[in-house]
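Order of listing sets the numbers, starting from 1, for every ligand and every atom in it. Both backbone and side-chain heavy atoms feed into the values below; hydrogens, waters and symmetry mates do not.
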Amino acid sequence: MELFYRVSFQEVVADALMLVEERELSSKHALERVFKKVAGKDREKARGLTHAYVFEIEKWRAKIDFIINSVLKGSSVEDLDLYLANLLRIGTFEIHFRKVPPAVATDSIIRVVKERFDFSRAKFVNALMHSIEKFDVEKALKRLKERDRIEWLSVRFSHPRWYVEYAVEILDYDETVRLLLSNNRPQRYYVRANTLTTDVDSLRDYLEENGVKTALTPVPDVLKVLEYRTPVTKLDWYKEGKFVIQDLASAYVAHVLAPEPGERVLDLAAAPGSKTFHAAALMENRGEIVAVDYSYDRLMRMKEKMKLLEIKNVKLVHADGRSFRDKEKFDKIILDTPCSSSGTYRQFPEVKWRFDEKKIKRIINVQRNMLRNAHENLRDGGEMTYSTCSIRVDEDEENVLFAINRVELELIDYPFSWGDRGFLEIGEKVFRAWTHRHDCNSFFIAKLKK
Ligand SMILES: C[S@@+](CC[C@H](N)C(=O)[O-])C[C@H]1O[C@@H](n2cnc3c(N)ncnc32)[C@H](O)[C@@H]1O
């Protein structure tokens, strides 16, 4: 592929993988950054292919690393220089997943190693690539399955071990396999009509006319995309803000909260804004939403999107949701906390590798402090939703129990119109969606009252 002088496709992919890992960017944002520097006649083709590589390498990283670690014998890919490790991941992915001829795959990365490192490192990588090529993955997986079933599931379906252990404990073994399989399937898209400028029936007709087949969903303003000729993001109505892409379960939150025109609403972790925008639409742009987030960049992106969606009743505030206070209390609060994102693996495979137990404990602490602060901001009789895109009981039901027992919030027995119920003694009163059961992100919602 012809990109600009001296940049090979493998280097572009490796640069994007570095941004995903070191800066914790999503594949999409990493690509935006990397492609700012890329020119050449094959740029657009390279961009699509790079996205596919980064997405698939992140999705299959445990299996790819299993192959590399097996040939490294004793040491681990984690001990290598990160750039070198990512080049090896690209080479392994090409040979074992894309069936690129091994000589071609090896040659492409050796060239980069020679240029970026030195001759001895190139020799080392060359030898490793030969062993990777010869490695019998199926045989090794069979042996692993006999030795350690959880580890086998983790490698075979490329998920963190802690996630597999967790899922087996709260679901069961067979259902965990279904969940892992469905996390690895292609993302399902949902579109939400921006009811400030259109309605769901007109949107459905428009999409149909433009070759997009949709189905109705249990969420009234949301359509499930079944088939399309051109990606929906290329359509005029998307560019004009008449609809947004929003996951089904995420779009249920605003309906559960049901903010009314004229009310004062607080969103304590608002960016990139899906739920704030949805609440603004349900409020018909009347009343006020104060949208707080810790990330300035994400708030700025929200600002842009608000213009497009013709949203006029949102005030953006750069602040910490654990301590933010306003002059007046709020009628309603959306608390969609930062979490382990363990319900979003199908959409963002890179998040699989970002959390461990220690980091999750820290985030639970943030969630609890935000719950405390939400209580302080809510007026007596006010209502709020607590939601996460996590499958974990400690981030979900246990935090709701914390809110009941330690923050003096009351759990409302809300008549959820779809989804499953949850775990523990409050299980019947909370909402859960699962990727393998509901074809959307795994998600949790509870409705609380002061
Ligand atoms: C799950 S996302 C929110 C998604 C958003 N509600 C939506 O629907 O588009 C969590 C957000 O919490 C923000 N965040 C993390 N820690 C925070 C804190 N201490 N205070 C406020 N926001 C925080 C992150 O920047 C991130 O934008």
Side-chain angles (χ1 to χ4, degrees), residues 23-26 28-29 190-192 194 219 221-222 244-257 259 265-282 289-306 308-309 311 314-326 330 332-345 347-348 350-351 354-355 359-377 384-392 395-396 399 433 440-446:
R23 302 277 185 86
E24 300 209 339
L25 296 187
S26 66
K28 188 177 143 219
H29 288 124
Y190 292 90
V191 293
R192 177 175 65 75
N194 179 12
V219 182
D221 41 7
V222 174
V244 294
I245 296 180
Q246 186 174 359
D247 186 70
L248 182 67
S250 150
Y252 191 39
V253 173
H255 289 288
V256 173
L257 186 67
V265 176
L266 171 66
D267 188 339
L268 266 182
S274 318
K275 295 171 194 76
T276 312
F277 302 154
H278 196 182
L282 296 183
I289 305 180
V290 176
V292 171
D293 203 280
Y294 208 39
S295 159
Y296 185 75
D297 287 356
R298 284 161 75 93
L299 281 173
M300 286 306 100
R301 268 182 251 144
M302 248 180 110
K303 196 172 171 190
E304 283 305 304
K305 192 87 182 177
M306 266 158 57
L308 183 74
L309 300 178
I311 288 171
V314 173
K315 187 169 103 186
L316 298 177
V317 180
H318 184 212
D320 190 330
R322 290 170 292 187
S323 52
F324 170 81
R325 297 283 156 83
D326 209 355
F330 291 87
K332 292 200 171 133
I333 297 183
I334 302 170
L335 177 53
D336 184 45
T337 56
C339 69
S340 63
S341 306
S342 49
T344 65
Y345 289 173
Q347 191 178 1
F348 304 112
E350 62 275 6
V351 301
R354 288 200 182 144
F355 288 89
K359 216 167 156 187
I360 292 171
K361 291 272 166 318
R362 278 207 301 272
I363 216 145
I364 291 173
N365 204 21
V366 173
Q367 292 160 348
R368 292 186 170 197
N369 285 326
M370 284 181 139
L371 269 165
R372 274 202 184 94
N373 193 37
H375 174 264
E376 291 301 314
N377 277 290
M384 63 175 281
T385 47
Y386 173 77
S387 57
T388 77
C389 50
S390 166
I391 66 156
R392 293 181 58 121
E395 294 182 90
D396 298 340
N399 273 350
C440 58
N441 283 339
S442 297
F443 208 84
F444 176 85
I445 309 175

I need the atoms of ligand 1 closer than 4.0 Å to a non-hydrogen atom of [X], numbered in the order shown.
X	result
Ser295	25 (O)
Asp320	18 (C), 19 (N), 20 (N)
Pro338	10 (C), 12 (O), 15 (C), 16 (N)
Leu268	21 (C), 22 (N)
Thr337	1 (C)
Gly273	7 (C), 9 (O)

Within the side chain of [X], is there an N or O that forms a donor-acceptor pair under 3.5 Å with the backbone of [Y]?
X	Y	answer
Thr344	Gln347	no
Asp293	Ser295	yes
Gln367	Pro338	yes
Asp247	Asn441	yes

Taking [atom] as the reference point, the nearest protein heavy atom with its distance:
atom	answer
atom 20 (N) of ligand 1	Gly321 N, 2.7 Å
atom 11 (C) of ligand 1	Asp293 OD2, 3.5 Å
atom 8 (O) of ligand 1	Lys275 NZ, 2.7 Å
atom 17 (C) of ligand 1	Tyr294 CB, 3.5 Å
atom 18 (C) of ligand 1	Met370 CE, 3.5 Å
atom 2 (S) of ligand 1	Ala271 O, 3.8 Å
atom 6 (N) of ligand 1	Asp336 OD2, 2.8 Å

Open item on the list: Rounded to the nearest 0.5 Å, what separates atom CE in Met302 from atom CG in Asp267?
Closed with: 6.5 Å
Open item on the list: Tell me whether the rings of Phe330 and Phe324 are parallel (<30°), tilted (30 to 60°) or perpendicular (>60°).
Closed with: tilted
Task: ligand 1 to Ala269 polar contact by distance, N or O atoms, under 3.5 Å - done: yes
Open item on the list: Applying a heavy-atom cut-off of 4.0 Å, say which part of Ala319 lies close to ligand 1: side chain, backbone, both or neither.
Closed with: backbone
Open item on the list: Could you check whether any side-chain heavy atom of Phe443 comes within less than 4.5 Å of a side-chain heavy atom of Val253, counting everything from C-beta outward?
Closed with: yes
